[in-house]
Structures are given as C-alpha cells and as structure tokens.
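Reading through the structure tokens given below for one structure.
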Amino acid sequence: MEDHTQMSWKEDNVIGQLHNSVDNVTLAVGQALTNPTEQSIQNAQNMIERADRSVLMALKSRGNLEPVSTLQAQLNQDKEKLNRLH
C-alpha cells in the first residue's frame, strides 16, 4: 500500500523548490536589468537554467497544474525581460 502522506510531502517539496528557483530568477533578472554587467547577466542565465530543470521536475511529478503553470509563466516573463536586455 502506498503512503499518500509521503507522496504529498514530496510533491509539495518539488513545488517549493520550483517556487524558490523562480523567485531566484526574478531577483537575478532584476539585478541584471539594473546593473547589466556580464557577471549579473550570466548569473541570471544560470538561475534560469536551474529553474528550467525545476519546471521539468515539477511537470513530471505534478503535471501542468496550478501552481506549476503559474510559476512557469512567471519564469517565461523573466526570460523575456532578460532577452530584451541583450
């Protein structure tokens, strides 16, 4: 018999990691926009790569449901902001 409590905790952990990753991207992109150095842009790109991996993990475990789709949309907006920078 499967332990549904454990499964739910793991899913919540995946969503929490995704949320943190997207928040980190938002901060890094904001820093790159206000101080567009090579280092700040590279940092934002690194954060985006991590967040992309988190999105994939969340999609595998939860599917394209809330809040995964909302966080993915926020990530895509941040990507567009960074792309406009260079």
Side-chain angles (χ1 to χ4, degrees):
M1 181 174 244
E2 196 172 343
D3 183 356
H4 294 287
T5 306
Q6 186 70 16
M7 184 62 75
S8 177
W9 178 84
K10 286 181 182 177
E11 290 176 355
D12 289 344
N13 193 33
V14 169
I15 297 300
Q17 288 175 344
L18 175 58
H19 204 289
N20 288 340
S21 291
V22 173
D23 286 347
N24 288 339
V25 167
T26 300
L27 290 172
V29 169
Q31 288 174 347
L33 292 174
T34 58
N35 185 21
T37 64
E38 186 176 323
Q39 183 179 359
S40 66
I41 292 169
Q42 183 63 51
N43 184 49
Q45 291 170 336
N46 291 343
M47 292 295 167
I48 287 170
E49 288 176 15
R50 289 182 192 153
D52 280 336
R53 287 191 297 270
S54 293
V55 166
L56 290 176
M57 286 175 40
L59 288 172
K60 283 182 183 178
S61 78
R62 296 290 300 261
N64 195 17
L65 302 172
E66 289 294 329
V68 176
S69 60
T70 301
L71 291 166
Q72 188 175 24
Q74 181 181 342
L75 176 60
N76 289 335
Q77 289 174 350
D78 287 333
K79 286 180 186 180
E80 288 176 23
K81 289 178 186 176
L82 187 63
N83 286 337
R84 282 187 239 130
L85 185 61
H86 57 86

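If you read the sequence from its start, that first residue is 1, and numbering goes on from there. Below, each value reflects all heavy atoms present in this structure, side chains not excepted, and no hydrogens, waters or symmetry copies.
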side-chain contact (heavy atoms from CB on, under 4.5 Å) against [X], all qualifying residues, sequence neighbours excluded:
X	answer
Thr34	none
Asn76	Gln72, Lys79
Ser69	Asn64, Glu66
Gln77	none

Checklist line | Intermediate values then yes/no, side chain to side chain contact (heavy atoms under 4.5 Å, CB included), Leu85 and Leu82 | finding: CA-CA 5 Å; Leu85 185 61; Leu82 187 63; 4.1 Å; yes
Notebook entry, point to check: What pairs with Gln42 under side-chain hydrogen bond (donor to acceptor under 3.5 Å, both in side chains), at least two apart in sequence or on another chain?
Noted result: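 side-chain hydrogen bond (donor to acceptor under 3.5 Å, both in side chains) list for Gln42, sorted by chain: Asn46.
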Margin query: Once side-chain hydrogen bond (donor to acceptor under 3.5 Å, both in side chains) is applied, do any residues pair with Gln74, and if so which ones, sequence neighbours excluded?
Written below: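 For Gln74, the residues satisfying side-chain hydrogen bond (donor to acceptor under 3.5 Å, both in side chains) (neighbours in sequence not counted) are Thr26.
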Next item on the list: Go through the steps for Leu18 and Met57 under the test side chain to side chain contact (heavy atoms under 4.5 Å, CB included), then give the verdict.
Entry: CA-CA 9 Å; Leu18 175 58; Met57 286 175 40; over 6 Å; no
Next item on the list: Can you measure from CG (Leu75) to OG1 (Thr70) and round to the nearest 0.5 angstrom?
Entry: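 One finds 12.5 Å between CG of Leu75 and OG1 of Thr70.
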Check: Can you list every salt bridge (charged side-chain N to carboxylate O under 4.0 Å, His left out) pair that touches residues 22-51, not counting sequence neighbours?
Finding: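 Sorted result for residues 22-51: empty, none.
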Item checked: Stepwise side chain to side chain contact (heavy atoms under 4.5 Å, CB included) check, Leu71 with Val55 -> CA-CA 8 Å; Leu71 291 166; Val55 166; over 6 Å; no
Check: For the side chain of Ser21 and the backbone of Ser54, is there at least one donor-acceptor N/O pair under 3.5 Å apart?
Finding: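 Judged by distance alone, no pair lies under 3.5 Å.
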